[in-house]
Amino acid sequence: MATHLITGAGSGIGEAVADHLLARGDELYLFARDAGRAKELAARFPGARTLVADLGNPDRIAWALSQQTLPGHVDSLLHIAGVCDLGHIGELTTRAWNRTLAANLIAPAELTRLFLPQLRVAQGHVVFVNSGAGMHAHANWGVYAASKHGLKAVADSLRAEEHANGVRVTSVYPGRTATPMQAKVHQQEGKEYDASRWIDPESVARTILLSLDLPRDAEINDLTVRPGR
C-alpha cells in the first residue's frame with residue numbers, strides 16, 4: 001500500500017486520480033483549503049485523510065501543516081490543483097498575478113520542499129500537472145502561462161537535483177480537459193462550453209497512474225496529452 005498526497009482532489013483530474021488510488025487500496029492524504037472543504041473531501045472519499053492548507057496563501061502552509069498529523073511515509077506528491085485567470089497583460093492587476101502564482105507555482109514548490117525529506121527516504125515520485133500553456137503562451141493567457149512555465153522550471157530543476165536521491169519527477173501537460181475549471185475558462189472567453197469536445201479527466205488520470213506505476217528502471221519526465229477529437 002502506497003501513500004499519496006494530492007492537491008485538487010475535489011474535482012476534475014484530481015478527483016479521478018483519487019478515485020483510482022483509493023479503489024486499489026492506497027492511502028490518501030487530500031489537501032483542502034479549509035475545514036469545511038476537508039469535511040466534504042472526507043465524505044467524498046471514505047477512508048482518505050485530509051490536510052488543511054490554503055494553497056492561495058503559501059506563506060502559511062508550513063505553519064498550517066505543523067498543527068496537524070502528517071504522514072511519516074510519502075510515496076508520491078501529486079500537484080493537481082490550479083486556478084486560471086484570463087486577461088490582457090496590459091489589464092491584469094497584481095491581485096490576479098499574485099493569486100495565480102501563489103496557487104499554481106509557489107504553493108507546489110513549498111509543498112515539495114516540506115515533504116521532500118519523506119520523498120527522499122521512500123525514493124518517491126513528484127507529479128506536476130502542468131498544462132499546454134506551460135509550453136506555449138497565447139493572447140489572454142499570460143498570467144496562467146507564466147505560472148505554468150514557472151512550474152516546468154521547478155519540475156526540471158527538482159528532477160536534476162533529486163535524481164541521485166532516487167526521487168522521480170514527472171510533468172504532465174494536458175490540453176483542454178472537461179473540468180469545472182474549463183467551464184469557467186469558457187465563461188471568461190465568452191464561449192459556449194461543450195464538455196464532449198475536450199479530454200475526459202479520466203484519460204488524464206490514467207496517464208498520471210502510468211507514470212506512478214512505471215517500474216523503477218525507467219522514468220517519465222514529460223508527458224503531453226492532447227484532445228483526441
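We use all heavy atoms of the structure for the numbers below, so side chains are in, but hydrogens, waters and symmetry mates are not. Since we're looking at a predicted model, the values are computed, not measured.
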Residue pair Ser211 / His125, side-chain heavy-atom distance below 4.5 Å: yes

Note, Asp19 side chain near Arg44 side chain (heavy atom, < 4.5 Å): yes

Same apolar cluster: Leu55 and Leu70, side chain cutoff 4.5 Å: yes

Common cluster, Tyr29/Val17, ILVMFWY with side-chain heavy-atom separation under 4.5 Å: no

Polar contact flag, side-chain donor to acceptor under 3.5 angstrom, His20-Glu202: yes

Heavy-atom closest contact (Leu28 atom, Ala18 atom, distance): CD1-O, 3.5 Å

Side chain to side chain contact (heavy atoms under 4.5 Å, CB included) partners of Asn98, counting only residues at least two apart: Thr94

Contacts of Leu101 that satisfy side chain to side chain contact (heavy atoms under 4.5 Å, CB included) - sequence neighbours left out: Trp97, Leu105, Ser147

Exercise: identify the closest heavy-atom pair between Asp26 and His4: OD2-NE2, 2.8 Å

Shared hydrophobic cluster, Leu78 / Leu111 (ILVMFWY, side-chain heavy atoms < 4.5 Å): no

Got a list of side-chain donor-acceptor pairs under 3.5 Å for residues 34-41, not counting sequence neighbours?
| from | atom 1 | to | atom 2 | distance (Å) |
| --- | --- | --- | --- | --- |
| Asp34 | OD1 | Gly36 | N | 3.2 |
| Asp34 | OD1 | Arg37 | N | 2.7 |
| Arg37 | NH1 | Glu40 | OE1 | 2.8 |

Common cluster, Leu21/Leu5, ILVMFWY with side-chain heavy-atom separation under 4.5 Å: no

Test item: Arg49 side-chain N/O and Glu27 main-chain N/O as donor-acceptor pair under 3.5 Å: no

Partners passing side chain to side chain contact (heavy atoms under 4.5 Å, CB included) against Asp213 (at least two apart in sequence or in another chain): Arg24, Leu209

Single-linkage hydrophobic cluster Trp141~Leu151, side-chain heavy atoms < 4.5 angstrom: no

Pairs meeting criterion ring-ring contact (aromatic ring centres under 6.0 Å, His included) with involvement of residues 53-90, two or more places apart: His79-Phe128

Sub-4.5 Å side-chain heavy-atom contact between Phe31 and Ile61: no

Side chain to side chain donor-acceptor pair (under 3.5 Å) contacts in which one or both residues fall within residues 126-136, not counting sequence neighbours: none

Pairwise side-chain contact, Leu92 with Thr100, heavy-atom cut-off 4.5 Å (strictly under): no

Flag for Tyr144-Asn104: side-chain donor and acceptor within less than 3.5 Å: no

